[in-house]
There are 2 protein chains.
Amino acid sequence: MARPTIRDISRVTGLSTYTISQALRGADGVSEDSRARVLAAANDIGYIPNRAAQDLRRTNRDSVGLITASTSNSYYLDLIGGIQSTVQSLAWTVIIADVAVDGHYDAEQEDRTVRRLIEARVAGVISTLTLSKANTELLSKWDIPIVFVDSSPPAEAPELPSVTTDNYQASMQVGGHLAGHGYKTWLFLAYPAIWSTRVEREHGLRDAAASADAGLVVVESANDAVSAGQALKSYLDTATAVPDVLIAGNNPMLLGALEHLQLRGLSIPRDIAVVGYDEFAWSNLIQPPLTLLNERSGEIGQQAARTLAEIILAQDAAEKRGESSMPAYRPDHQLQVGAELIVRQSCGCGPVGHHSFTPQPTIPSAKGR
Amino acid sequence: MARPTIRDISRVTGLSTYTISQALRGADGVSEDSRARVLAAANDIGYIPNRAAQDLRRTNRDSVGLITASTSNSYYLDLIGGIQSTVQSLAWTVIIADVAVDGHYDAEQEDRTVRRLIEARVAGVISTLTLSKANTELLSKWDIPIVFVDSSPPAEAPELPSVTTDNYQASMQVGGHLAGHGYKTWLFLAYPAIWSTRVEREHGLRDAAASADAGLVVVESANDAVSAGQALKSYLDTATAVPDVLIAGNNPMLLGALEHLQLRGLSIPRDIAVVGYDEFAWSNLIQPPLTLLNERSGEIGQQAARTLAEIILAQDAAEKRGESSMPAYRPDHQLQVGAELIVRQSCGCGPVGHHSFTPQPTIPSAKGR
DNA sequence: GAGTGTCAAATAAACGTTTAGCTCGAGCGG
DNA sequence: CCGCTCGAGCTAAACGTTTATTTGACACTC
């Protein structure tokens with residue numbers, strides 16, 4: 001028997017397919033005796049249900065999609081972990097879909113990916129990037145709830161849920177620390193703005209620079225280390241002076257920057273200080289140890305999954321009552337999670353004891369922006 | 001219209017579902033006129049096919065499963081990339097399934113995962129670890145071909161295809177280099193042997209140590225940085241002397257080891273030299289820059305996917321001819337890919353110019369082991 | 001004008017489950 | 001002994017596609 005079906009079990013046990021189905025998934029209406037026979041037979045012939053047939057027939061959907069751009073950014077691994085852990089407790093599964101084609105974001109790939117998730121009839125979507133207007137509308141047409149994670153909802157649909165680091169506050173914190181060092185020329189090496197965090201980070205840095213009377217230059221490159229290195233090179237080649245500090249927008253940017261600074265023979269933090277945005281495993285082993293912002297990505301992932309689950313369950317309940325099957329979003333579905341700066345030495349702080357850092361009054365965080 | 005089906009398009013256009021189906025996927029037997037009407041209508045009402053229904057009805061399967069343990073080991077990201085790129089060109093999709101539950105391999109999770117892949121009726125499986133006898137048999141009962149990647153087939157089924165780094169040769173290479181430095185006491189910090197590469201690496205190191213008249217100690221820990229650090233600590237706490245060189249079995253081991261050595265205040269390579277097994281992005285920025293073995297994981301992934309695709313296509317063809325639907329494996333489905341040592345400074349080689357390294361005759365690689 | 005071939009399109013039967021609705025007996029109270 | 005309930009199980013109709021087979025219209029040939 002190459003690919004046994006429920007009917008094969010039926011044949012073997014002499015029970016109807018109904019009974020088999022009930023017995024297999026532990027529903028009642030089946031005697032203990034029959035259930036045992038069914039399970040034995042199933043195990044015996046190596047039966048494994050056909051997911052496609054189940055999905056087709058069942059009404060309740062039990063998977064959610066996660067849209068990601070360049071997973072290779074190790075920051076996302078924690079995020080995924082957080083999502084998985086929450087979703088697994090509901091016995092759902094996560095479909096991870098990367099919209100980057102060899103490392104670069106690709107708009108058509110975004111379209112294909114959203115389509116694929118709808119084809120799979122996912123119950124909901126978590127997206128790490130702001131989706132296009134068309135895709136947001138498509139998902140909403142299919143009544144599929146979306147939660148943005150570490151990215152903001154598109155401008156056309158600002159009411160959509162999101163869970164993010166408080167990037168503005170975080171950037172103010174970074175900026176405050178740099179101000180404390182007395183740095184006056186800041187260079188922000190940034191990734192493109194399809195990742196909406198870029199905008200918030202820049203905004204926070206700009207405000208911090210202003211209140212510290214420092215100058216901020218923004219250099220943008222594609223979201224990978226090689227491009228970042230090249231962008232930095234072009235900038236430094238033409239700049240009149242090396243900036244006091246380089247702020248890397250994320251880890252690929254940081255990697256590219258460090259490689260280029262090493263190549264150029266600039267010493268950190270003597271010639272130029274460096275700070276970055278994502279804590280990662282090796283940061284303390286790099287020379288000098290890196291001062292980084294620690295985003296609590298695992299926690300963010302969990303929160304996002306919880307929010308999505310809540311919306312889906314409410315939606316199912318409403319549908320069961322015969323009400324609208326549109327997902328219902330609430331204002332408290334928009335969450336911000338704090339982040340803290342991990343101060344090591346690349347910012348100019350010395351090993352414990354000998355630092356050239358003057359604490360400054362904390363810049364008040366802007367409320368309700 | 002909340003969730004439009006093919007019948008809705010049928011209703012709108014006045015054509016039968018047959019015609020819609022043909023038109024949508026570009027088959028012929030449909031006039032250009034009708035096709036245009038169908039596509040317009042589909043686009044208009046936002047129709048997206050139901051994957052479950054397609055999968056159920058279609059005979060040809062078009063997804064493959066990838067079994068992984070702890071994806072967070074960044075080494076796998078390239079591997080996955082290589083597989084994706086090959087598989088995408090066939091318009092298939094990859095289902096990635098991690099059998100680690102919070103970072104640790106879990107046997108039950110392996111069983112669940114294999115089941116899940118069979119439920120999805122995948123056309124084939126690529127596994128990064130040696131599967132249990134039961135799971136191998138289960139897959140073979142369902143006529144699902146398996147290719148092992150960076151791991152060997154289980155002892156019970158040695159004929160199964162595999163694509164691996166030539167770990168023995170690679171370890172001999174590592175060992176040869178260490179011998180050239182004149183190191184006499186080697187410490188191999190290893191992960192558990194469910195990853196079969198561990199065995200081959202140890203074997204190669206052992207032979208290299210023997211022929212260099214050096215002593216090899218193996219310390220094993222769970223496959224994560226924290227456990228590795230602890231294992232190293234326990235060993236060093238009781239050892240009479242610090243070994244000449246530490247060989248980290250993979251990146252989590254390396255990370256744990258470096259953290260612990262830093263904590264202990266041992267200087268690399270003065271007090272102890274260090275080499276590792278997987279090249280990664282930050283390796284050149286660590287102090288001192290790390291000497292690592294560069295496995296060509298992208299290439300390995302591509303090869304594995306190509307091999308699997310070949311087997312699946314042959315299987316489909318055979319089935320179409322009414323022959324056996326069992327996958328046919330050939331001896332040339334077992335491949336080994338070379339690796340080269342990237343020499344930096346953690347092994348004791350100085351910056352270009354001042355090294356204390358004496359080249360040694362290359363240890364001949366054992367043929368046909 | 002009968003036979004033949006071609007093309008577009010329709011019909012209806014799958015695919016492997018789940019599930020609403022029904023049947024059948026047994027048990028039980030009156 | 002009647003009517004009722006209840007549990008165990010059956011039958012058959014879904015779910016949304018694909019596809020083997022059939023139909024019908026039209027053109028072409030002898």
Enquirer: Mind grabbing the angle between the end helix axes of the helix from dG1(C)-dC30(D) to dG30(C)-dC1(D)? Five pairs an end, 10° rounding.
Expert: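 Both end axes considered, the difference amounts to 60°.
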Enquirer: What residues, two or more places apart in sequence or in another chain, satisfy side chain to side chain donor-acceptor pair (under 3.5 Å) together with Asp332(A)?
Expert: Arg330(A)
Enquirer: Listed by chain and number, what are the salt bridge (Lys or Arg N to Asp or Glu O under 4.0 Å) partners of Asp28(B), not counting sequence neighbours?
Expert: none
Enquirer: Strictly under 4.0 angstrom, non-hydrogen atoms only: write out the protein contact profile of nucleotides 13-19 of chain C, one letter per nucleotide from the 5' end, B, S or -.
Expert: BBBBBBB
Enquirer: Is it true that, when you exclude Glu156(B) itself, more than 12 heavy atoms of the residues, nucleotides or ligands shown sit nearer than 6.0 Å to its CD?
Expert: yes
Enquirer: May I have the distance from Ile20(B) (atom CD1) to dT11(C) (atom C1'), rounded to whole angstrom?
Expert: 14 Å
Enquirer: Is the shortest side-chain N/O distance from Ser31(B) to OP1 or OP2 of dC7(C) below 4.0 Å?
Expert: no
Enquirer: Quick check against the 3.5 Å criterion: does Arg306(B) have a side-chain atom that pairs as donor or acceptor with the backbone of Gly301(B)?
Expert: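 No, because the side chain of Arg306(B) does not come within donor-acceptor range (under 3.5 Å) of the backbone of Gly301(B).
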Enquirer: Is the side chain of Gln334(B) donor-acceptor paired with the backbone N or O of Leu160(B) at a distance under 3.5 Å, no angle test?
Expert: yes
Enquirer: Taking NZ, NE, NH1 and NH2 as the nitrogens, is one of them in Lys133(A) or Glu137(A) under 4.0 Å from a carboxylate oxygen of the other?
Expert: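 Yes, this pair counts.
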Enquirer: Ser34(A) side chain to Val30(A) main-chain N or O, any donor-acceptor pair under 3.5 Å?
Expert: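 No; judged by distance alone, with no hydrogens or angles, the pair does not exist.
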Enquirer: Which atom pairs, one a donor and one an acceptor, fall under 3.5 Å between side chains of residues 81-96 of chain B and the rest of the protein, sequence neighbours left out?
Expert:
unit_1	atom_1	unit_2	atom_2	d
Ser85(B)	OG	Gly82(B)	O	3.0
Thr86(B)	OG1	Gly82(B)	O	3.3
Ser89(B)	OG	Thr86(B)	O	2.6

Enquirer: Any protein N or O atoms within reach of nucleotides 26-28 of chain D? Criterion: under 3.5 Å, listing atom names and distances.
Expert:
none

Enquirer: What I want to find out is whether Asp8(B) reaches Arg3(B) closely enough, with some N-O distance under 4.0 Å, to be called a salt bridge.
Expert: no
Enquirer: With the threshold set at 4.0 Å, does a side-chain nitrogen-carboxylate oxygen contact exist between Asp316(A) and Arg61(A)?
Expert: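 Looking at Asp316(A) and Arg61(A), the cut-off is met.
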